[in-house]
Amino acid sequence: MKIVVLDGHALNPGDLSWGGFAELGELTVYDRTPPGMEISRAGGADVLITNKTPLPRETIAALPRLKYIGALSTGYNVIDVA
């Protein structure tokens, strides 16, 4: 399983371990993802984790392997849930 964290620095600036996620599959953590790079970074991901990186409908639709989106924040307004 391929797990991608698009903006890990917002939750973990270096003082926490990503080990729990790494035990579940192949983990890639990006500190921040600039606009327009979401699809290239998340390509082939089964699991996509975000905090502040927006995931509009077009981005989600372009990721056919995606099975789960997780929000590492108190809200989920950055994810197009419709």
Side-chain angles (χ1 to χ4, degrees):
M1 173 170 53
K2 183 175 178 183
I3 305 166
V4 176
V5 179
L6 291 175
D7 50 2
H9 188 270
L11 174 74
N12 179 10
D15 57 341
L16 301 172
S17 170
W18 292 105
F21 283 104
E23 290 177 13
L24 299 172
E26 173 191 340
L27 175 66
T28 303
V29 179
Y30 296 100
D31 281 344
R32 294 173 181 83
T33 295
M37 293 194 64
E38 301 87 355
I39 294 170
S40 64
R41 289 190 168 182
D46 300 292
V47 173
L48 189 55
I49 309 292
T50 187
N51 188 315
K52 304 199 181 303
T53 302
L55 296 175
R57 173 186 322 248
E58 298 78 20
T59 299
I60 296 168
L63 301 169
R65 286 189 51 183
L66 194 60
K67 296 174 183 69
Y68 176 83
I69 299 171
L72 298 173
S73 57
T74 54
Y76 56 92
N77 61 316
V78 296
I79 303 167
D80 187 340
V81 295

**Q.** Any L55 side-chain heavy atom under 4.5 Å of D80 side chain
**A.**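 A side-chain contact under 4.5 Å is absent here.
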Q) Does some side-chain heavy atom of V5 sit less than 4.5 Å from a side-chain heavy atom of L27? A)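 L27 vs V5: side chains touch.
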(Q) Tell me whether the count of non-hydrogen atoms from other residues, nucleotides or ligands lying under 6.0 Å of CZ in R57 goes above 12. (A)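 Result for CZ/R57: open.
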Per-pair distances, 0.1 Å, donor-acceptor, side chain in residues 14-25, under 3.5 Å, sequence neighbours excluded:
unit_1: S17; atom_1: OG; unit_2: G19; atom_2: N; d: 2.9

Using the rule that Ile, Leu, Val, Met, Phe, Trp and Tyr join whenever any side-chain heavy atoms are under 4.5 Å apart, tell me whether [X] and [Y] fall into a single cluster.
X: L63; Y: Y30; result: yes
X: I49; Y: L66; result: no
X: L72; Y: I3; result: yes
X: I39; Y: L48; result: yes
X: L6; Y: M1; result: no

Q: Heavy atoms only: give me the nearest P34-E38 pair and the separation to one decimal.
A: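 Nearest heavy atoms, P34 then E38: O-OE2, 4.0 Å.
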Q: Can you measure from CZ (R41) to CZ (R32) and round to the nearest 0.5 angstrom?
A: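 So the CZ of R41 and the CZ of R32 are separated by 11.0 Å.
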Q | Worked check of salt bridge (charged side-chain N to carboxylate O under 4.0 Å, His left out) between K2 and D46 | A | CA-CA 5 Å; K2 183 175 178 183; D46 300 292; over 6 Å; no
Q. Should V78 and T53 be marked as a side-chain contact (heavy atoms from CB on, under 4.5 Å) after you check the CA-CA gap, both sets of side-chain angles, and the distance that decides it?
A. CA-CA 7 Å; V78 296; T53 302; over 6 Å; no
Q | With sequence neighbours excluded, residues passing side-chain contact (heavy atoms from CB on, under 4.5 Å) with A10 | A |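 Expected list: N51, K52.
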